[in-house]
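Start at 1 and go down the list; that is how both ligands and their atoms are numbered.
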Amino acid sequence: MADTSKLWWRNGVIYQIYPRSFKDSNGDGIGDLRGIIEKMDYLTDTLGVDAIWLSPFYKSPMADFGYDVADYTDVDPMFGTLADFDDLIAAAHKRNLRIVVDFVPNHSSDMHPWFIQSRSSRTNPKADWYVWRDAKNGAEPNNWRAVFGGSAWSYDARRGQFYLHSFLPEQPDLNWRNPDVRAAMYDALRFWMRRGVDGFRVDVAHFLMKDPDYRDNPVNPPNTLAFENFKVFGEYDLQEHKHDKGHPDNHMVYREFRAVLNEFEEQSPRYSVGEIHIFDWDEWATYYGTDDELHMPFNFALIGAKWAAQTVREVVENVERVLSKGQWPNYVFSNHDEHRISARYGEYAARTMMMALLTLRGTPTMYYGDELGMKDGMIPPGMEQDPWGKRVPGLGLGRDPERTPMQWDALPNAGFTPAAVKPWLPVTEDYQRTNVAVELIDPTSMLSLTRALIKLRKTTPALHSGSYRTVTGVPDDTYVYVREGAGERYLIALNFSQEERSISVPELSAGRLVLSTLVNREEAVAGTVKLTANEGCIVKLG
Ligand code: NOJ
Ligand code: CA
């Protein structure tokens with residue numbers, strides 16, 4: 001039997017916390033590290049997750065709410081202190097909860113001392129730490145666009161050169177081809193691992209290495225976007241991003257990166273997951289390396305894919321096909337950049353998604369608030385925060401709606417911050433109905449469903465580490481699969497239609513329905529399971 005503590009990141013559930021929005025401990029309207037410590041019992045006892053991933057809490061001018069880092073080894077005073085972080089690690093580890101932190105390697109803040117020095121002259125010791133290029137014919141060095149709108153190049157009069165920024169001008173790209181940069185960034189990893197950090201989520205992991213010749217990107221052939229539900233990026237989508245991301249040299253970086261993590265492996269097992277938006281399955285899978293690069297690249301396909309039985313089945317079968325032995329799958333259905341699941345497909349489909357997330361083969365990463373069925377928030381004019389929404393026409397509110405405060409109870413501000421305080425984003429309109437306190441006492445709530453799913457997954461080897469098999473011979477708008485392990489078999493049947501559907505397959509000859517997405521039935525099964533609109537059920541077979 002394998003040592004399962006080593007495999008925590010495979011067998012466990014990972015929960016993403018956006019620190020600004022989880023719990024405000026000092027009444028300034030912004031969530032913080034002490035707030036997370038206050039809610040530790042919720043994470044481990046109420047929900048039962050195994051690890052939390054914290055979006056950035058590092059020192060930052062907050063041009064992109066922390067994804068613009070001004071010091072890779074310190075906490076922003078807005079979120080607390082390094083001592084608070086140490087307390088958070090200690091409190092988490094006491095409960096066997098692992099801590100994954102965000103690592104933002106592609107770019108720093110323009111206020112990082114490295115960049116301030118780098119831009120000061122063409123000859124200073126950090127002159128080559130960022131991507132500097134001369135003008136071409138009096139204009140930008142090439143046609144690359146920034147994800148957040150406009151050219152990816154900004155002119156710096158002092159150096160008389162352009163610097164590259166794949167995101168905001170306040171987020172200059174580091175030059176990962178410079179070994180000194182790599183060494184400094186790996187030291188930041190060591191700094192956090194020495195403090196006890198169990199893993200890293202790597203921001204835009206496939207952006208680090210650029211085409212060394214800085215060639216223009218070709219025009220994107222129309223309709224090549226594989227998935228329809230992602231947010232639109234405007235003009236950024238008009239190019240095929242052939243030369244500004246996904247360069248094969250990234251693999252060299254991740255082999256070095258993994259070696260740094262391995263230095264600490266003996267002390268306790270570490271984990272890494274890369275934010276990699278690549279939808280060619282074979283190319284996506286290369287980021288696992290031969291177990292010598294990332295532990296896994298995030299699998300975002302079910303955020304972008306249409307929520308339809310055949311589409312979801314195809315995604316899962318592609319993942320199962322492309323991964324070789326030892327490469328562990330994973331699924332993520334929402335995060336701080338995409339609309340919430342209940343906003344995308346409605347309350348009942350969100351429950352079915354939660355059932356899929358927690359019963360598919362592979363590590364689930366859940367976004368805070370989705371366990372409650374939190375909706376996208378309405379952001380009144382004047383309260384918009386996200387720089388992306390402000391810069392790219394047509395994006396509307398950008399990412400504010402999915403970043404509203406966690407809803408703890410039915411008091412004003414939902415228990416996130418005191419009633420008299422103005423939170424950085426308003427709580428969603430239905431917080432009185434959708435919150436932890438109310439849902440905890442309702443056995444049929446989304447929170448009760450999520451808790452039951454996590455508990456079942458945890459205590460059932462077939463679900464957290466068993467095999468996967470698609471079941472055929474079912475209605476087209478349903479998706480059915482079997483998970484098998486440790487001598488047990490579970491069948492999961494998900495109804496994607498708005499009508500009742502009936503599943504009659506040989507596997508169901510005998511069994512027991514143990515959980516429905518409506519959390520209102522448990523019954524013996526002999527041949528058939530009937531599903532109401534958008535319902536999902538788990539049947540223990542045999
Ligand atoms: C991806 C992150 O998820 C997003 O929130 C951020 O704005 C960009 N990377 C830039 O760091
Ligand atoms: Ca605070």
Side-chain angles (χ1 to χ4, degrees), residues 16-39 53-58 60-70 72 75-81 84 88 100-110 112 146-149 152 164-174 200-208 230-231 233 236 244-245 273-278 297-298 300 303 332 334-339 365 367 385-392 395 398-403 405-406 413 415-418 421-425:
Q16 180 190 355
I17 289 180
Y18 195 67
R20 288 184 81 85
S21 300
F22 198 59
K23 172 72 186 158
D24 174 20
S25 74
N26 63 348
D28 63 357
I30 298 171
D32 44 55
L33 298 182
R34 291 250 148 239
I36 299 171
I37 297 174
E38 279 175 29
K39 293 299 181 184
W53 146 35
L54 305 175
S55 281
F57 48 79
Y58 311 112
S60 166
M62 305 290 164
D64 189 19
F65 295 111
Y67 283 97
D68 48 323
V69 179
Y72 284 99
V75 173
D76 194 276
M78 185 179 277
F79 295 120
T81 61
D84 293 331
L88 188 148
V100 176
V101 299
D102 222 300
F103 180 55
V104 191
N106 179 68
H107 43 267
S108 73
S109 160
D110 62 340
H112 195 295
V147 177
F148 291 160
L164 180 69
H165 51 85
S166 298
F167 293 86
L168 298 173
E170 294 89 346
Q171 293 167 297
D173 282 30
L174 282 152
F200 300 94
R201 174 267 188 186
V202 184
D203 190 64
V204 290
H206 56 314
F207 275 56
L208 306 193
F230 286 118
K231 289 187 177 166
F233 289 72
Y236 186 79
D244 54 352
K245 58 188 190 190
V273 59
E275 187 202 13
I276 294 190
H277 283 268
I278 290 179
F298 260 138
F300 293 118
I303 294 182
V332 50
S334 68
N335 59 35
H336 62 295
D337 295 327
E338 303 290 342
H339 296 295
T365 305
Y367 186 48
Q385 303 283 340
D386 183 17
W388 186 17
K390 292 179 187 168
R391 289 172 65 96
V392 180
L395 243 189
R399 300 166 293 180
D400 294 340
E402 57 265 24
R403 295 176 175 180
M406 175 71 174
N413 288 332
F416 164 72
T417 192
V421 175
K422 187 174 177 192
W424 81 285
L425 281 173

Item to complete: Quick one, list the residues around ligand 1 where some non-hydrogen atom comes in under 4.0 Å, by chain and residue number.
Response: Asp64, Tyr67, His107, Phe148, Phe167, Arg201, Asp203, Val204, Glu275, His336, Asp337, Arg399, Arg403
Do [X] and [Y] have ring centres separated by under 6.0 Å?
| X | Y | result |
| --- | --- | --- |
| Trp424 | Phe416 | no |
| Phe22 | Trp53 | no |
| Tyr58 | Phe103 | no |

[X] side chain near [Y] side chain, heavy-atom distance below 4.5 Å:
| X | Y | value |
| --- | --- | --- |
| Arg201 | Glu275 | yes |
| Asn26 | Asp32 | yes |
| Ser60 | Val69 | no |
| Lys245 | Leu208 | no |

Fill in: Atom pair CZ/CG of Phe207 and Asp173 - distance to nearest 0.5 Å
8.5 Å
Discussion item. Under the criterion side chain to side chain donor-acceptor pair (under 3.5 Å), I'd like the reasoning laid out for Tyr67 against Asp102: C-alpha separation, chi angles, the key distance, then a yes or no.
Written reply: CA-CA 9 Å; Tyr67 283 97; Asp102 222 300; 2.7 Å; yes
Practice prompt. Give every protein N, O or S atom lying under 3.0 Å from the Ca ion (ligand 2), naming each by residue and atom.
Written response: Asp24 OD1, Asn26 OD1, Asp28 OD1, Ile30 O, Asp32 OD2
